[in-house]
4 protein chains.
Amino acid sequence: MIEFRVDTGSGVPPYRQLVHQVEHALRLGQLQVGDRLPTVKEVAKNLVINPNTVLKAYRELEHKGLAKGRPGQGTFIEQGLVGLPAEKQAELRAGLESWLAEAHRAGMDADGIAALVATVLAEFRQEERK
Amino acid sequence: MIEFRVDTGSGVPPYRQLVHQVEHALRLGQLQVGDRLPTVKEVAKNLVINPNTVLKAYRELEHKGLAKGRPGQGTFIEQGLVGLPAEKQAELRAGLESWLAEAHRAGMDADGIAALVATVLAEFRQEERK
Amino acid sequence: MIEFRVDTGSGVPPYRQLVHQVEHALRLGQLQVGDRLPTVKEVAKNLVINPNTVLKAYRELEHKGLAKGRPGQGTFIEQGLVGLPAEKQAELRAGLESWLAEAHRAGMDADGIAALVATVLAEFRQEERK
Amino acid sequence: MIEFRVDTGSGVPPYRQLVHQVEHALRLGQLQVGDRLPTVKEVAKNLVINPNTVLKAYRELEHKGLAKGRPGQGTFIEQGLVGLPAEKQAELRAGLESWLAEAHRAGMDADGIAALVATVLAEFRQEERK
DNA sequence: GTGGTCTAGACCACG
DNA sequence: GTGGTCTAGACCACA
């Protein structure tokens, strides 16, 4: 079962963070078609946010065709997102994690790492756009 | 001189994106104490956003003690952010870029990469918090 | 609930006047941690100023850590400011008021009094700085 | 010779602070008709502000008929402001200073005192307006 | 309904 | 010309 997080300091609206997390989990194969998402109440209670916010996120997922609420049963994943084969993903992930560990050893904190990653990713996106 | 970007699709308010970019540049040593930021009007014109939005970002930086507006002259960096020595940073950056290139070769698009990176970073943050 | 005033002739930007008034009320114990400030719209309507101006004041208070806006609920005092015990304050206040009454009887108008007070206070500040 | 001060943190435009200080000094009898104000250059240098700002203040005084610039000689007080007789003023001032000293002894800092004074004065003005 | 963001445009203070 | 303030009004996120 997916575990949601909300980072209130990031400026990203909470409901979008939830949507992103589902999308990411789908891409990474952590969520499969047919999986059940936690109930609105559970999420709202765990993250201390308003149930309406969770509902909005689930509706957004429904709108994108990724999930579907079944009254009385919960919300279920309807459709996956194309991603790389699991092995390749695991490989890449391992590579990234080892880089991260190295950065951490070198003395970078999470914010510093995030700054570096954001910069490099932004440049990559710009490259890709060409 | 720092070059701002704004990603309208991310959900992060533009003025916060500007703040983040300055903070990142400070961490990465791309901005130094005493450097001048582009004028409010320049940024507004380049990014096609309202001057007030830029002003809001600069004001936020001022509140954080990172920059200071001097009427008639511009806005200047007041204080740096601790970061790693430039060489170490360059090294780490190279490592990250090579990982990124590998992921790209493997068939991942920017969104997929971002998803993976976000997930791994979030886990790292959770680790760090312990 | 605090009652805001705005003096348009003073040259002090209205949003700063609001900030000052909250700070003063905190120092004087008229506002406590947890108290709710009037809503942005109420203040804007009462003082006949733009809601954005009020918002700017509340935002400034947030930056100073004194208040915090809770969407959908209002803006609340987060932190107090050290001040003297209420009795001592009341005593001092009485002393000041009696002096003021005397000055008034002697024929001074509010502006004259303000001039005298400003001068004496400025000298006091200079003394204190030593 | 009057000694100007500028408090950059107060929000009051510097040029208005200068005007106020002249007016206050006139009310308090510290400046007399015929007295010479410091030159624009002197003030600008001492307070580290732009000469234009000082000029603007002097023009404002001229506009109010309080001072007059005599090319090549300086700026001179043209007209006084009605005030109380010097003895009465000195008496009141002494009273205020003794109150201030008491407040200080009681543990109030300049900001606390300013807060109290501002509040009491504001109420007094409201009374007077009736 | 409450706070928050953005836009558009006017005006002021300062250099 | 540069930063800073204010207004007016639209739209969004949240409770």
Side-chain angles (χ1 to χ4, degrees), chain A residues 6 8 11-18 44 47-57 60, chain B residues 6 8 11-18 36-45 47-62 67-76, chain C residues 6 8 11-19 36-45 47-62 67-76, chain D residues 6 8 11-19 44 47-57 60:
Chain A
V6 166
T8 55
V12 185
Y15 86 96
R16 293 197 66 161
Q17 294 188 30
L18 300 184
L47 302 183
V48 197
I49 58 178
N50 193 293
N52 284 332
T53 305
V54 185
L55 239 156
K56 188 167 183 182
E60 189 91 10
Chain B
V6 165
T8 54
V12 184
Y15 87 96
R16 297 200 62 162
Q17 294 187 31
L18 300 184
R36 183 167 172 276
L37 295 176
T39 69
V40 169
K41 287 168 189 172
E42 274 170 20
V43 178
K45 190 183 158 202
L47 302 184
V48 197
I49 58 179
N50 191 286
N52 281 332
T53 304
V54 183
L55 205 61
K56 196 171 184 180
Y58 281 12
R59 195 174 178 58
E60 189 89 13
L61 289 170
E62 198 156 337
K68 184 102 210 305
R70 300 184 203 153
Q73 301 182 47
T75 304
F76 296 80
Chain C
V6 165
T8 54
V12 184
Y15 88 96
R16 297 201 63 161
Q17 295 188 31
L18 300 184
V19 172
R36 183 166 171 277
L37 295 176
T39 68
V40 170
K41 288 167 190 173
E42 275 169 20
V43 178
K45 189 183 159 202
L47 302 184
V48 197
I49 58 179
N50 191 286
N52 282 331
T53 304
V54 183
L55 204 60
K56 195 171 185 180
Y58 280 13
R59 194 173 180 57
E60 190 89 13
L61 289 170
E62 197 156 338
K68 184 104 208 307
R70 300 184 204 153
Q73 302 182 47
T75 304
F76 297 80
Chain D
V6 166
T8 55
V12 185
Y15 86 96
R16 293 197 65 161
Q17 294 189 30
L18 300 184
V19 173
L47 303 184
V48 197
I49 58 179
N50 192 293
N52 284 332
T53 305
V54 184
L55 240 157
K56 189 168 183 181
E60 190 90 9

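A, B, ... follow the sequence lines: proteins, then strands. Residue 1 opens every chain.
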N/O donor-acceptor pair under 3.5 Å between C/E60 side chain and C/R16 backbone: no
Can you tell me how far P of F/dT5 sits from CD of C/Q17, to the nearest Å? 13 Å
d(CZ, C/R16; P, E/dA13) in whole Å: 15 Å
Rounded to whole Å, please give me the gap between CZ in C/R59 and P in E/dC6. 9 Å
When B/Q73 and C/P51 are each assigned the nearest nucleotide of DNA chain F, the 5'-most assignment goes to B/Q73
Rounded to whole Å, the CG-P distance (C/L47 to F/dT7) equals 10 Å
Is the phosphate of E/dC6, meaning OP1 or OP2, less than 4.0 Å from a side-chain N or O of B/Y15? no
So do A/V6 and A/T53 actually touch side chain to side chain, heavy atoms under 4.5 Å? no
Which value, rounded to the nearest 0.5 Å, describes the distance between B/R36 atom CZ and B/T75 atom OG1? 8.0 Å
What contact category does B/E62 fall into here, base, sugar-phosphate, or nothing, at under 4.0 angstrom with non-hydrogen atoms? sugar-phosphate
For C/K56 and F/dT5, is the shortest distance between a side-chain N/O and OP1 or OP2 below 4.0 Å? yes
Heavy-atom nearest nucleotide on DNA chain E for C/T75 versus D/N52: which residue maps closer to 5'? C/T75
Please report the distance, rounded to the nearest Å, between CG in C/L55 and P in F/dA8. 16 Å
Atom pair NZ (B/K56) and CZ (C/R59), whose distance is rounded to the nearest 0.5 Å: 5.0 Å
Would you kindly give the CG-to-P distance between A/N50 and F/dC14, to the nearest whole Å? 9 Å
Residue met sooner reading DNA chain F from 5', once C/P13 and B/P71 are mapped to nucleotides: B/P71
Considering heavy-atom distances to DNA chain E, does D/V12 or C/G69 have its closest nucleotide positioned more toward the 5' end? C/G69
Determine which nucleotide pairs with E/dG3, using a 3.5 Å limit on both distances of a Watson-Crick or G-U wobble pair. F/dC12
Against the side chain of D/P14, the closest entry in F/dC6, E/dG15, E/dA13 is E/dA13
Could you walk me through whether B/L47 and B/L18 satisfy the side chain to side chain contact (heavy atoms under 4.5 Å, CB included) test, starting with their C-alpha distance in whole Å, then the side-chain angles of each, then the deciding distance to 0.1 Å, before giving a yes or no? CA-CA 11 Å; B/L47 302 184; B/L18 300 184; 3.9 Å; yes
Quickly work out the C/R36 CZ to E/dT2 P distance and round it to whole Å. 7 Å
Determine: side-chain N/O of A/T53 to OP1/OP2 of F/dA15, distance under 4.0 Å, yes or no. yes
Whole angstrom value for the distance that separates P of E/dA8 from NZ of B/K41: 16 Å
Pick base, sugar-phosphate or nothing for C/Y58, based on heavy-atom distances below 4.0 Å to the nucleic acid. nothing
